[in-house]
Amino acid sequence: MERVLSGIRSTGQLHLGNYFGAVKNFIELQNTHECYFFVANLHALTTHPDPKQLAKSVKTVLAEYIACGIDPNKATLFVQSDVPEISELYTLLNSMAYKGELEKCTSFKEKIKKHHENINAGLLTYPVLMAADILIHRAHKVPVGKDQEQHLEMTRNFAVRFNHRYGVDFFPEPQAFDFSGKLVKVPGLDGSGKMGKSEGAGNAIFLSDDDETIRDKVKAAKTNSGPTEPNSIKSIEIENLFTLMKLVSTPDVVKFYDDKYNDCTIRYGDLKKQLGEDIIKFVQPIREKIVDFENNDALLAEIAQHGAEKARKSAKATLDGVREIMGLTSIWQ
Ligand code: AMP
């Protein structure tokens, strides 16, 4: 059976971008593949989170995974820091990664521009830790959003380099995956690009947002004065609203507003109202389950412990192989 791995950072609550870029695929893949899904709390350390807040966030993401439909009896669900084998592989893979390629990585360049007061080594070697996450289970498929494409390419480079350096065929070359055949980028509501946890207030719709918050956020989304010529090209802000609509509304509804846009009779207030209600319809059942699971510490602990045991077994098998290949075992025999 092909192996699948993916994770989400515990830097806040999950939003529609996480759901449609990643989690939606997890739910499908858990029925047909050997799946490992984790809460990436080590990746969250680069921004120096408050320890109590970080621990709380881990529980939230775990509860949200389950509320979305990830079944811990089908998929292995674990917390990254509960599997120390990942950190050891990260150390070992660091020598496969070169400073130049790490510095050229788009996410690194973006982050140092935004946070020039905190350019730490963890940020630079983020793609190596991500490669360790994936390669520790020798995963074949990695369901992620479009923003992770470059990191996946780097993971393949490290895997190929390792195989070549040691003359082995040990690591598979993992591929980014989405059921639609195309990686997804869910736009934010502020017209600035992708939906993200820390892109500023109003950018993201969280799975835990209440109805009024959702209505307010969608209402405040940027629009323009509307088309004056039939069939005009949509501005980025309007295209973003249609992209969101295609995710949560029925095809009939999307067509209705598309036709109205094309014959210049569209009223953005109506479109936003419809979009808000369709997002609410989607989010509501998930939100209710999040509350249930978040309050069940005993269940979350049991799931995380069981998941860590299973993940460590798979991780140890890989690490034993890597240690052997690199000449780190049997030194004293
Ligand atoms: P992060 O929240 O950055 O840890 O991302 C976790 C997963 O969600 C990764 O697979 C990302 O590619 C995916 N993701 C995050 N934001 C978006 C977005 N706006 N559109 C599509 N996928 C996303």
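Here, residue 1 is the first one in the sequence, and each next residue gets the next number. Both counts, for ligands and for their atoms, begin at 1 and track the order of listing.
- Backbone and side-chain nitrogen or oxygen atoms of Val186 are examined, and one is located within less than 3.5 angstrom of a nitrogen or oxygen of ligand 1.
- Looking only at heavy atoms of the protein, atom 15 (C) of ligand 1 is closest to Asn18 ND2, 3.3 Å.
- Within the listing of ligand 1, atoms 21 (C), 22 (N) sit less than 4.0 angstrom from a heavy atom of Gly21.
- Proximity to Lys185 (heavy-atom distance under 4.0 Å) selects the following atoms of ligand 1: 20 (N), 21 (C).
- A distance of 4.5 Å separates CG in Leu123 from OG1 in Thr46, rounded to the nearest 0.5 Å.
- For the pair Asn224 (side chain) and Ser235 (backbone), a donor-acceptor distance under 3.5 Å is absent.
- Heavy-atom contacts of Gln148 reach the following atoms of ligand 1: 12 (O) (cutoff under 4.0 Å).
- Atom CG of Leu319 and atom CE of Met326 lie 10.0 Å apart (nearest 0.5 Å).
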query = Would Glu103 and Lys99 satisfy salt bridge (charged side-chain N to carboxylate O under 4.0 Å, His left out), going step by step from the backbone distance to the final call?
reply = CA-CA 6 Å; Glu103 280 173 344; Lys99 179 174 162 274; 3.7 Å; yes

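- Scanning all protein heavy atoms for the shortest distance to atom 21 (C) of ligand 1 gives Val184 O, 3.2 Å.
- At least one donor-acceptor pair under 3.5 Å links the side chain of Lys272 to the backbone N or O of Lys219.
- Contact between His15 and ligand 1 is present, with at least one heavy atom of the residue lying under 4.0 Å from the ligand.
- The aromatic rings of Phe162 and Tyr166 lie tilted to each other, with the angle between the two planes from 30° to 60°.
- For Gly145, a nitrogen or oxygen atom sits less than 3.5 Å from a nitrogen or oxygen atom of ligand 1, counting backbone and side chain alike.
- In terms of protein heavy-atom proximity, atom 12 (O) of ligand 1 is closest to Asp147 OD1, 2.4 Å.
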Step-by-step salt bridge (charged side-chain N to carboxylate O under 4.0 Å, His left out) determination, Asp258 to Lys234 = CA-CA 10 Å; Asp258 210 31; Lys234 296 183 180 93; 2.7 Å; yes

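- Of all the atoms in ligand 1, the ones that sit under 4.0 Å from a non-hydrogen atom of Lys194 are 19 (N).
- Within the 3.5 Å criterion, the main-chain N or O of Asn18 finds a donor-acceptor partner in the side chain of His15.
- Closest to atom 23 (C) of ligand 1 among all protein heavy atoms lies Gly17 O, 3.3 Å.
- Set against the non-hydrogen atoms of Lys197, the atoms of ligand 1 under 4.0 Å away are 1 (P), 2 (O), 4 (O).
- Counting heavy atoms only, Arg9 comes closest to atom 1 (P) of ligand 1 of the residues Arg9, Gln13, Met195.
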key: Check against side-chain contact (heavy atoms from CB on, under 4.5 Å), Phe78 and Val83   = CA-CA 8 Å; Phe78 65 98; Val83 181; 3.6 Å; yes

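- Exactly one residue among Tyr90, Tyr126, Phe38 makes a ring pair (Phe, Tyr, Trp, His ring centres under 6.0 Å) with His43. That residue is Tyr126.
- With ligand atoms numbered from 1 in the order given, ligand 1 contributes 10 (O), 12 (O) to contacts under 4.0 Å with heavy atoms of Val144.
- Annotation for ligand 1: atoms under 4.0 Å from non-hydrogen atoms of Ala22 are 7 (C), 8 (O), 10 (O).
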